[in-house]
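Quick note on labels: first sequence line is chain A, next is B, and so on, each numbered from 1. Bear in mind that the values here come from a model prediction, so they are computed numbers and not experimental data. Side chains are part of it too, since the values below use all heavy atoms of this structure and drop only hydrogens, waters and symmetry mates.
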Protein chains: 2
Amino acid sequence: MDDIDSAIVRELQRDARQTNRDLARTLGIAPSTCLERVRALRQRGVITGYRATVDLRALGRPVQALLSVRIRPMSREVIEGFKAYLIGLPEVLNVYVVAGGDDFLVHVAVPEVDGLHSLLMDRFSGRREVVDFRSSVIYQHVTKDVVGPLVAG
Amino acid sequence: MDDIDSAIVRELQRDARQTNRDLARTLGIAPSTCLERVRALRQRGVITGYRATVDLRALGRPVQALLSVRIRPMSREVIEGFKAYLIGLPEVLNVYVVAGGDDFLVHVAVPEVDGLHSLLMDRFSGRREVVDFRSSVIYQHVTKDVVGPLVAG
DNA sequence: GCACGCACCGAATTTCGTTCGGCGGCTGCG
DNA sequence: CGCAGCCGCCGAACGAAATTCGGTGCGTGC
């Protein structure tokens with residue numbers, strides 16, 4: 001994990017579809033070398049995949065929210081079951097299982113504000129393990145690239 | 001935005017680096033048609049980019065947390081300034097500007113739990129606009145693909 | 001019923017990914 | 001200090017892919 005690897009990771013986070021040749025040119029190394037580096041990064045598990053990012057507005061789901069959920073009991077079965085349930089919901093984008101005041105933070109996107117209310121009433125309030133929930137509408141959401149290791153790896 | 005477009009978006013979220021030929025074969029259309037579709041999706045702003053996903057553990061930042069932050073005053077300048085400040089911090093992965101009890105939710109990743117404490121003390125508690133903050137360690141984080149529009153677009 | 005337009009297709013061209021043999025530097029040991 | 005082994009990088013060659021473009025069929029509106 002040297003400077004070149006970090007640069008590769010940074011570049012591929014910026015644009016995962018740039019050609020290997022372009023990437024190599026940016027880094028000042030040969031394409032074959034670059035390819036070998038990228039393969040090693042994937043095999044080592046540093047790069048886990050490549051994903052297209054979409055505009056939720058363009059997909060007709062402009063309203064995003066974060067749902068704080070408390071569940072009981074906090075057994076492994078209940079937690080895993082609820083997590084699987086959340087992932088199955090089409091509105092769900094991210095699921096955070098957290099320590100502290102809340103147990104789950106659920107990032108959702110819906111077509112309109114009404115859908116948020118429906119979601120809460122139809123999919124959350126009815127479930128027995130859910131003892132409390134609270135929703136926060138998201139005004140802005142910025143996702144940053146991971147620039148690199150904070151400690152030299 | 002028909003079924004084919006939805007399938008393209010779904011497939012490219014699963015693997016943004018699969019070849020256009022493979023994608024076309026999956027969809028049962030010609031590669032040239034597929035390419036044209038993908039280009040249109042990008043131009044329409046449905047697909048906003050392609051990003052490599054990385055394993056934070058492999059990058060030496062296994063500890064993730066969500067920081068709830070309240071700031072005052074809630075003026076545009078202060079909000080934008082604080083947001084820009086957050087994005088500049090290398091530990092930050094996501095910034096949510098939210099309504100409700102908290103003003104900001106900040107997703108961070110650090111090398112160790114100590115780093116979390118340092119981050120809070122050094123980067124947050126000193127700032128005058130920050131009136132309150134609270135941190136929740138993340139046990140699990142699942143990111144889902146956006147399967148498609150919830151309403152036919 | 002006819003003409004227009006749009007989307008799809010398939011072949012041709014260009015570019016790219018991928019492999020492989022060889023080279024240079026670095027390291028560790030004699 | 002010299003030598004041998006190794007690892008990573010490079011560049012050319014090959015196969016595969018991206019991209020372009022002209023033709024075609026279908027749906028639509030007049």
Side-chain angles (χ1 to χ4, degrees), chain A residues 1-61 145-153, chain B residues 1-61 145-153:
Chain A
M1 202 65 205
D2 56 5
D3 290 344
I4 295 180
D5 281 344
S6 294
I8 289 175
V9 170
R10 192 178 337 112
E11 275 297 310
L12 287 181
Q13 281 189 84
R14 193 180 58 75
D15 179 9
R17 276 207 131 179
Q18 62 183 298
T19 66
N20 184 58
R21 289 180 126 85
D22 284 345
L23 181 57
R25 200 172 308 129
T26 302
L27 305 179
I29 61 178
S32 53
T33 304
C34 187
L35 192 70
E36 180 55 34
R37 290 268 196 167
V38 173
R39 283 175 58 176
L41 285 169
R42 289 215 63 174
Q43 191 167 9
R44 274 191 284 154
V46 178
I47 296 175
T48 56
Y50 306 99
R51 287 160 166 258
T53 56
V54 301
D55 182 8
L56 290 166
R57 206 172 311 264
L59 283 177
R61 295 163 62 181
D145 286 342
V146 178
V147 287
L150 289 184
V151 291
Chain B
M1 202 63 207
D2 56 6
D3 291 343
I4 294 180
D5 282 344
S6 293
I8 289 175
V9 170
R10 193 179 336 115
E11 276 297 310
L12 288 181
Q13 282 188 82
R14 193 180 58 76
D15 179 9
R17 277 207 130 178
Q18 62 182 301
T19 66
N20 184 59
R21 288 181 123 83
D22 284 344
L23 182 57
R25 199 173 308 128
T26 302
L27 304 179
I29 60 178
S32 52
T33 305
C34 187
L35 192 70
E36 179 56 33
R37 290 268 199 168
V38 173
R39 284 175 58 176
L41 284 169
R42 288 215 62 174
Q43 191 166 11
R44 274 190 284 154
V46 178
I47 295 175
T48 56
Y50 306 99
R51 287 161 164 256
T53 56
V54 302
D55 182 9
L56 290 166
R57 206 172 312 264
L59 283 177
R61 295 163 63 181
D145 287 343
V146 177
V147 286
L150 289 184
V151 290

I need the CD1-P distance between A/I29 and D/dG8, as an integer number of Å.
13 Å
Partner of B/R37 under side chain to side chain contact (heavy atoms under 4.5 Å, CB included), chosen from B/D5, B/L27, B/V9, B/L23:
B/D5
Under a 4.0 Å heavy-atom cut-off, which of residues 43-53 of chain B touch DNA chain C?
none
When rounded to the nearest 0.5 angstrom, what distance separates CZ in A/R51 from CG in B/D15?
10.0 Å
Side chain A/E11, main chain A/S6, donor-acceptor under 3.5 Å
no
To the nearest Å, how far apart are A/D2 CG and D/dC9 C1'?
12 Å
Would you check, one step at a time, whether the test side chain to side chain donor-acceptor pair (under 3.5 Å) holds for B/D22 with B/T19?
CA-CA 5 Å; B/D22 284 344; B/T19 66; 3.3 Å; yes
Please report, rounded to the nearest Å, how far the P atom of D/dC9 is from the CG atom of A/D3.
13 Å
Quick one: CG on A/L41 to CG on A/L12, what's the gap to the nearest 0.5 Å?
8.5 Å
Test item: A/T48 side-chain N/O and B/T53 main-chain N/O as donor-acceptor pair under 3.5 Å:
yes
Are the side chain of A/T33 and the backbone N or O of A/I29 linked by a donor-acceptor pair below 3.5 Å?
no
Within the 4.0 Å limit for protein heavy atoms, which parts of nucleotides 14-24 of chain C are touched? Write it as a string from 5' to 3', B for base, S for sugar-phosphate only, - for none.
--BBBB-----
Tell me: CD of B/E36 to C1' of D/dT20, nearest whole Å?
11 Å
A/R10 side-chain N/O to A/V146 backbone N/O, donor-acceptor pair under 3.5 Å
no
